[in-house]
Structure formats: C-alpha cells, structure tokens
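Inspection log for the structure reproduced underneath, given as structure tokens.
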Amino acid sequence: MSKAEILVIDDEPQIRKLLEIALESNDYKVWLAETGKEGVAMVANHPPELVLLDIGLPDKSGHEVLGDLRSWYNKSIIILSVQNSESDIVSALDNGATDYLTKPFRTAELLARIRSAIRRNQTVSSNTTIHIGNLKIDLAARAVRKNSELLKLTSTEFNLLALFAKNEGRVLTHQFLLKEIWGVAYQTETQYLRVFVGSLRKKIEDDANQPKYITTESGVGYRFGQPS
Amino acid sequence: MKWYSTREMPATMQYTISIVSVLFVASLCYVLKGVIGYKLAALVLLMTVSVIAALFEILPVTISALSSSFILNFFFIPPLYTFRIGNAEDLLMFFLYFAIALVNAVLTSKIRKAERRTRDREEKENTIRLYTTLLNSLSHELRTPISTILGAVDTLSESSPKLSRANQETLLSEIYKAGLRLDRQVGNLLSMSRLESGTLQPKKDWCDLNDLVHSVLQKLPQDNKHPVNYCSNESLPLFKVDEGFTEQILYNLLHNAIQYTPEGSPVRIRIAHGSGSCIIIVSDSGPGFPEYATQLVFDKFYRLPHSKPGGSGLGLSIVRGFVEALGGSIQLENAARGGAVFTIMIPAETSYLNNLKNE
C-alpha cells in the first residue's frame, strides 16, 4: 500500500520541520505549505489524504482556508490551534474541520488523531453493528450490549450513542449534537445534552466519573472512542 | 496626616486662614496689652507665625510674618500708631522678631521639601523594588526551563556516545518537563494580561460541575504524590457558568495545593449548591497560610517568604481574577485542624433538569 499523503499548512518553519520529521518517520508522505494560498493551490493540484491546517496563518485566516477547501475537498482536515480559543475551535469544527489539536501537542496524540481521521476517510461504513471496546451497538435492532449483556437505553440515549458511534474518534460539538438529536430549535439547550450524556455514561461506562468511552472536551464538545 | 492636608488646601484658603489668625491674635493681644505688655505680645504673635509656618506653604507664611511685624510695630511698639521706633532695645527686638519669623518660614518650608523628596523617593523605591522582584521572578521562571532545555540538548548532542541510555532518557524527560513548565507560565501570563485588559467576557452555559472536576483531575500533572479526593455530588444541579473560567479556577487552585503541600497529603474538593450560587471548596492538609497573608496571596506576584523555588506568584491572583470576572468571591482560611481552605462563591443560575426522568 502506498504511503498516505498529508499536507501541512503552517507558517512557522519550526513547526513544519517538526511535523515533517514526525510524520515521515511514521511512514506518511508529507507536503508542506507556508501560506493559506499556497496550501489551497496544492490541495487543488494534488488532493492529499489529510490536511493539517494551522488556524493562525498570516495571509488568510485558517477559517477562510477551511471554507475554501470544504467547498470541494471532502477528506480530513485537522485544525492546529492555540489554547484558550474554544470559540475558534468550535466554529472550525462546525464549518467542516474533522478534528483539532491545540499547540503545544504531543506527537503521539497527533499520530493517533491522524490515524483515526484517515481511517474514517477510507471506511464508508455500511455496517449496522458497531463494536467499540466492550460495547456492541446494533443500529438496526436499536440494541446495545456491554460484555454481551443487554443495556436498557431510552430512545434518546440510544440516538445519542448511535450518533457518537458513527463518529468514533471524532470530537462532536455541543451544537452539532443538539441539532442532530433534538433539532435546530434546541441548539442552545446544552442542559439537555449534559443530562443525557450523564445518564448515558452511567449505563455504558465502568465508572461514570472516569469516563473512557465518552470524554469531555471542555468548552468544545464530546469525543467518543475506544477506551484506552 | 492633618499636616499634609492643610498644605493641600487651596492657596486662597491658606492666605485667608493665615491673615485671619494673625489679625485675631493681634486683636486679642491689643485688648490685653495693658496686662501682658507689648514684649509678651510680640512673643505670642511670633508663636502664631510659627504655627502658621508649620501648617502652610512658604508664601502665606511670609505674608503673615511681614504683616504681623508691621502690626507689632504700628500697634504695640511705642511710640504707638507710627512706624517709628523709640529706643534701640525696641528696634533690636523688632528686627529680631522680623528675622525669626522669616527664618521660621524658610526653615519649615525646607523641612517640608525634604519630607516630600523622601516620600517621593520611597515611593519610587517601592515601585522599583516591586518591578525588580517581578522581573526577577519572571525571568527566573522562564529562564530556568529554557536553560534546562538548552543544556540538555547540548549534552545530548555533544556527549551522546558517552551517555548511558538511562541518562539520555532522563535528559529527554527533563526537556519535556521544562517544556510543560514554560507552557504553564506563558499560559499564566496570558491569562493575567487577558484578565487585566478587561476584554475577557464570561460565556455562560449549562455546566455539569461533577464532570468538569473530573476532567480537571485528568489534566493535572499525574505525579501520584497527592491523592485528590472528589466524590461526585449526585444531587448537584447544572450551573450556568463559564466552563473555561471555572476550569482555570479549579486547575490553578489544585495545582497550587499540589505544588505547595507536603507529598502524600490529600487535597479535597467539594462542590455545593448555595442560594443562587455555586460553591466550590478546595482544602488541603498542608501547613496552611500565616494569618497576615490570607489576603496578600491573591495579589499579583506575591509569594510567601521562604516558599520553595518555582512558581511565579501568579496562580492565585489569576484564580481571583477569574472568580471576579464571574462576579463571585473567594476566601482563604486555615482549617481548625490545619491546612488551607479556599472557598469560592460564584453566582449562577441552576437547573434541576437532571433530576427529571428521561423518557
């Protein structure tokens, strides 16, 4: 199998160098762009498997680049951002970014996010049963088993879990979840989300206080994934 | 205090009071002239001018000295009601009077100038001292990790063949820790400047504090040297607060407790529901704080004397900054059985939606 190609769009030479080495030594083919304009042109010429996009670019903001790319590029875009910019992150995610990382980030985490994003590019899942950790989610029968024991979920809890499971590894914003489960009119009713995530955790997690499946990304949303 | 305030009076007020008191004392002496004699009257007037000199600026004092000497000459020294002076002794007394009154005025004004200079200098020295401490602690806090990184990299690149695998790993982990420390300090400085610029607006949204506390616990450096106890409070409502602010408040308080209490001593968090507010209590089992410092610790760059190296004196002032930005209050006390207790009260709407059964 040929190496997956990744385009890095970042104006900082040090970060580019670091990412180039880290990614190449992990068997990715790396392209580098310094500016948003250059990056967009490179994606147009030769669409990569994944784009790592710095949100704070000098020429045009990462948000604009994201908008440009998303009008025709449908593979993964991971945003690199600085800390304490939750609103930036949320708006990038709501505008089609696949995931985000805040600088400074650890290489191991970067690689995990890249793997998970590329996996989602490649598998257009038509499976009706999803296995994650000890959970077996049967979308058709609307049944969830943990260690083969049937869990009693309410209809809303099941819808929420199914939505999470279909987006495994991906951070989902509060607004997105509210819109998908309760509808557009409920987009600001985060209290519903808090309550249902809480009750869902009590049913699926080993310890609802130390959640492994549904983790909180404070100020941004929730991420559902393999318990580590 | 009073002495300063008389000097800060408007000039016209100073002139009026000086002249009125000279006139008043002079009239009094004039009435009593038969009893006290004109020489004693001269002393009483001199005394008045001295008091005025102690209270006011040089100009009103000079005018009092001049006017009182004319009054003395005209109304008291014989021959009366002329500016002539009869004998040599009275002439001498008049000149002495005039000279002493002026010297008085000049001396007191000099003393005052010196006082003001000292005060200015002290203020300036205090400011300089504050900034020096600030810059020292900051440059120390930032340079230590930088030195660690540069030093470790040099050692790794120059003497790597001679280094054991274990030592190489130690150096790498030191570089990592230094990076974290730098990141934390820069984060603190950024929070501080955001708070001070007043541009930080809380974004309030419904928040599950049980969940928030657990996610903060995950983010704390996992040194396993301090058990941090939090029992989820199942009866807690949702609070409408700024999640990011609250997270920073909790993180800084816990980080502080972990940093400055002896290894192995537990830290405890409690969240309660006050009337229209959320109450967060973080207590530790460390040595507590000296009574005089329970307010000072929230001041920017304040550090307890003899506290261990590391730390910029920003953590707790940032906590207070965020608490105040949420309209809340923070209080530090020492527990009766030892250890510090931070109590935070944040006004917040609550929702008991979580107590409803979902369908």
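Proteins come first, then strands; the chains are lettered A, B, ... in the order of their sequence lines, and each starts at number 1. Because the structure is a prediction, the values reported are computed rather than measured.
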Specify whether A/Phe196 and A/Trp182 have parallel, tilted or perpendicular ring planes, treating 30° as the upper limit for parallel and 60° as the lower limit for perpendicular.
-> tilted
Reported OG1-to-CD1 distance for the pair A/Thr102 and A/Ile89, which is rounded to 0.5 angstrom = 6.0 Å
With sequence neighbours left out, what residues match A/Tyr28 under ring pair (Phe, Tyr, Trp, His ring centres under 6.0 Å)?
-> none
Chain A: which of B/Leu217, B/Asp208, B/Asp205, B/Asp211 shares the most heavy-atom pairs with it under 4.5 Å?
-> B/Asp211
Using non-hydrogen atoms only, which part of B/Tyr230 is less than 4.5 Å away from chain A: side chain, backbone, both, or neither?
-> neither
Measuring heavy-atom distances to chain A, does B/Lys203 have an atom under 4.5 Å in its side chain, in its backbone, in both, or in neither?
-> side chain
State, to 0.1 Å, how close A/Glu157 and A/Lys203 come at their nearest heavy-atom pair, and which atoms those are.
-> OE1-NZ, 2.7 Å
Which bit of B/Asn210 comes within less than 4.5 Å of chain A, counting heavy atoms only: side chain, backbone, both or neither?
-> neither
Most contacts with chain B, counted as non-hydrogen pairs under 4.5 angstrom, among A/Thr216, A/Asn209, A/Thr190 = A/Asn209
Inter-residue atom distance A/Ser218.OG - B/Gln248.CD, 0.5 Å rounding | 10.0 Å
